[in-house]
Amino acid sequence: MKVIKRSAVDFNISDEGEENDNEEEEQLVEVDLDDFDSPDTLQKKLQLSVTPQQVFKAKMIATKKVQGDYEDQYVHLREYCDELIRSNPGTTVKIDVEYECNPSSQIRQFKRIYICLGPLKQGFKLCGRELLGLDGCFMKGPFPGQILTAVGVDANNGIYPVAYALVEAETTNSWCWFLECLGEDLDLSYNSNFTFISDRQKGIIPALVKVYPSAEHRYCLRHIHDNMKQKWKGQKFKNLLWKCASVTTTQGFDKAMNEVLIEDKSLHDWLKEIPPRHWTRAHFRERSKCDVLLNNLCEVFNRQLIDARDKPIITCLDYIREYLMKRIVVVHKIIAKCKGPLTPTATKMLDQIKTDASHYTVIWAGTGKYQVTGPTGEQRAVFMDKRSCSCRKWDLTGMPCRHAVACIWNMAMHGSDEGIPEKWVHEAYWLDTWKKVYAHTLDPINSKDLWTPSKCPTTLIPPKHHKQVGRPKKKRKKSADEVSQLTQTMSSSGKMPRKGNTVTCDKCKQKGHNQRTCKGQRAGTQ
């Protein structure tokens, strides 16, 4: 939502849509673009009597002045990209155009754009966790397309966006192009063992096989469950699925699958069709030092881009850049309050592990080898020199498991200087690593009036677009499960559920409370 300041009667809209200057009244007011949706709102706030047609035309003119023109911004796209590269050295920007039959033509039709900001590229290489989440979301303007994103994990287990692109559609070709651009920035070779996690979007599986055939590709477990619950519904089946995915040893996985077989053979056969290396921790590689099962990385990032997806292309891209710039500053404020040696999230994780480790007994086998016995009698072998445990949790995450922590305490009891659990945590969780990653900040850019004219001899024009029949839809399409839950709620109570809705106060116009509980003054009063 944007709030603009302009004169109360900056222009009048006639029935023919003409702009008539009016310089008689120059009263400065605040006008919210959302106010143009209702003539009644304008009547109450500004005492203006207008028709719905006039409101619509006025909103179109105001929106164009605030957000920019959809077609004109393609002409200045190269200048915006040059400004990005100038202000943030190391930035990669690639623009792809449609094939032109006439090479001498001065016009090129836009197809797609890829952006990887230099500071984010340098920061990700310091994270120490070779994992990226891949996802896409729809554009909602007159020139629709897809925003593809690549998001990593930082030392505090938070998101770290690395690159984004605006493409024509989610296809194998567009994903291959995006992954190739990403590989050039992150120095990924054809035989790279990098780890990716996705929702199995259209075209992404064959694209990864083609570009990085040796890479690990994890499937988001939530989307596997969404497909599963169309036939196998209920908490019981969900728990069985999560148990299979969460165990970290192959023996534990086989045991969990046998439980599924006993409960429902058809579900067991359905899960067997999905290769376990894509969705179970027991078969994950240990290189990425991250055992995530969900692709929440990209979903969290995409949720921040909702307000950008219906904007003109430069406004959209700059909205993403501004969000990334502000997010780094927010993280700096959190880092300034931390004492270390680990990040806040890593500290909480290790504290819980220490609590569990207090119930374990340790037998030293010599040369850094230990046998650890738990309260229920289970035994695990720990190899301190290799930083490995037979439960594989330490290997997968880089965070010492409860068996390893028990061994570290045993070392401290026998006078070892290495008997502090924090020293055995992988450097990806260190506070110093977190600081180094976010030391690479994004620099601000100038507005359009200070951009250097592009030296490219050709002019970009908007992509092809076939206008759809009817009013464009902006709301997210609900899944079948969401629709069924909504139907059940309405049938039982007769009302729409308020879950997920944000209340706006009629007095102060702030969100989070209503007029009855408002403690502030009515808007516009002194």
Side-chain angles (χ1 to χ4, degrees), residues 60 63-65 67-118 121 136 138-150 163-185 190 202-203 206-207 210-211 308-321 445-468 472:
M60 293 299 294
T63 302
K64 185 175 179 180
K65 288 188 176 183
Q67 299 177 358
D69 182 79
Y70 282 92
E71 296 185 6
D72 181 65
Q73 288 201 359
Y74 284 94
V75 178
H76 301 282
L77 183 58
R78 289 196 179 103
E79 298 172 5
Y80 170 76
C81 296
D82 291 340
E83 178 65 15
L84 276 183
I85 297 173
R86 182 203 63 79
S87 61
N88 293 276
T91 296
T92 301
V93 179
K94 294 185 178 181
I95 298 178
D96 195 11
V97 297
E98 298 286 354
Y99 174 75
E100 177 58 51
C101 299
N102 182 13
S104 60
S105 174
Q106 298 297 312
I107 296 177
R108 294 292 185 272
Q109 193 166 52
F110 174 84
K111 187 177 182 181
R112 53 178 73 136
I113 182 173
Y114 165 89
I115 298 177
C116 180
L117 297 170
K121 183 196 312 182
F138 285 98
M139 289 289 289
K140 300 179 180 180
F143 302 106
Q146 290 272 350
I147 299 178
L148 306 184
T149 55
Y164 50 96
L166 201 161
V167 301
E168 68 282 5
E170 272 192 298
T171 62
T172 302
N173 181 267
S174 62
W175 273 116
C176 284
W177 181 78
F178 180 72
L179 291 171
E180 289 170 356
C181 295
L182 194 63
E184 293 177 6
D185 284 325
Y190 177 77
K202 183 178 180 181
K210 179 180 179 180
V211 182
R309 287 156 57 182
D310 62 345
K311 304 291 190 295
I313 183 168
I314 294 180
T315 307
C316 172
L317 295 175
D318 207 50
Y319 183 97
I320 300 175
R321 181 196 62 82
I445 68 172
N446 296 316
S447 59
K448 179 180 175 181
D449 58 318
L450 294 180
W451 293 351
T452 303
S454 176
K455 297 181 181 179
C456 186
T458 59
T459 302
L460 281 178
I461 61 174
K464 298 178 181 178
H465 171 53
H466 174 69
K467 187 175 181 181
Q468 301 295 324

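The salt bridge (Lys or Arg N to Asp or Glu O under 4.0 Å) check on Glu170 picks up nothing, with sequence neighbours excluded. Evaluation of the side chain to side chain contact (heavy atoms under 4.5 Å, CB included) rule for Asp449 yields Ser447 as partners, not counting sequence neighbours. Residues forming a ring pair (Phe, Tyr, Trp, His ring centres under 6.0 Å) with Phe178 (at least two apart in sequence, or on another chain): Tyr114, Trp175. Among residues two or more places apart in sequence or in another chain, the ring pair (Phe, Tyr, Trp, His ring centres under 6.0 Å) test is passed with Tyr74 by Phe110, Phe143. For Arg309, there are no salt bridge (Lys or Arg N to Asp or Glu O under 4.0 Å) partners, not counting sequence neighbours. Under the ring pair (Phe, Tyr, Trp, His ring centres under 6.0 Å) criterion, Phe138 pairs with no residue at all, not counting sequence neighbours. Remark: Arg78 engages Thr458 in a side chain to side chain donor-acceptor pair (under 3.5 Å) (not counting sequence neighbours). For Thr172, the side chain to side chain contact (heavy atoms under 4.5 Å, CB included) partners are Cys176, Pro206, Ala207, not counting sequence neighbours.
In this structure, Gly90 and Lys121 approach most closely via the heavy-atom pair O-NZ, 2.7 Å. The two residues Leu84 and Thr91 have their closest heavy-atom pair at O-OG1, 4.0 Å. Between Leu117 and Arg321, the shortest heavy-atom contact is CD1-CG, 4.2 Å. Smallest separation of non-hydrogen atoms from Glu79 and Pro453: OE2-CA, 3.9 Å. Between Ile95 and Cys81, the shortest heavy-atom distance links the atoms CD1-SG, 3.9 Å.
Taking CD1 of Ile314 as the reference point, atom CD of Gln73 lies at 4.5 Å (rounded to 0.5 Å). Within the model, atoms CZ of Arg86 and CG of Leu450 stand 9.0 Å from one another, a figure rounded to the nearest 0.5 Å. Here Ser174 contributes atom OG and Glu168 contributes atom CD; the two are 5.5 Å apart, rounded to the nearest 0.5 Å. Interatomic distance, Tyr190 OH to Lys210 NZ, rounded to the nearest 0.5 Å: 10.0 Å. Separation of atoms NE2 (His76) and CD1 (Ile313) is listed at 13.0 Å; rounding is to 0.5 Å.
Under the 4.5 Å side-chain criterion, counting only non-hydrogen atoms from C-beta, Cys316 is in contact with Ile147. Contact annotation: the side chain of Leu460 never approaches that of Val75 to less than 4.5 Å [non-hydrogen atoms, C-beta and beyond]. Residues Ile113 and Leu77 meet the side-chain proximity criterion, which asks for heavy atoms closer than 4.5 Å. Leu166 places none of its side-chain heavy atoms less than 4.5 Å from the side chain of Gln146. Looking at heavy atoms from C-beta onward, Leu148 lies out of side-chain contact with Trp177 at the 4.5 angstrom threshold. Between Leu317 and Lys311 there is no side-chain heavy-atom pair separated by less than 4.5 Å.
For residues 87-97, the pairs satisfying salt bridge (charged side-chain N to carboxylate O under 4.0 Å, His left out) are Lys94-Glu184, Asp96-Arg112, with sequence neighbours left out. Pairs engaging residues 77-97 under the ring-ring contact (aromatic ring centres under 6.0 Å, His included) rule: Tyr80-Trp451 [sequence neighbours left out]. The salt bridge (charged side-chain N to carboxylate O under 4.0 Å, His left out) contacts involving residues 67-77 comprise Lys64-Asp69, Asp72-Lys448, where partners must be two or more places apart or lie in separate chains. Residue pairs meeting the salt bridge (charged side-chain N to carboxylate O under 4.0 Å, His left out) criterion with at least one partner in residues 100-111, sequence neighbours excluded, do not occur; the list is empty.
Remark: the Thr171 side chain and the Asn173 side chain contain no N/O donor-acceptor pair separated by less than 3.5 Å. Asp185 and Thr92 share a side-chain donor-acceptor pair at under 3.5 Å.
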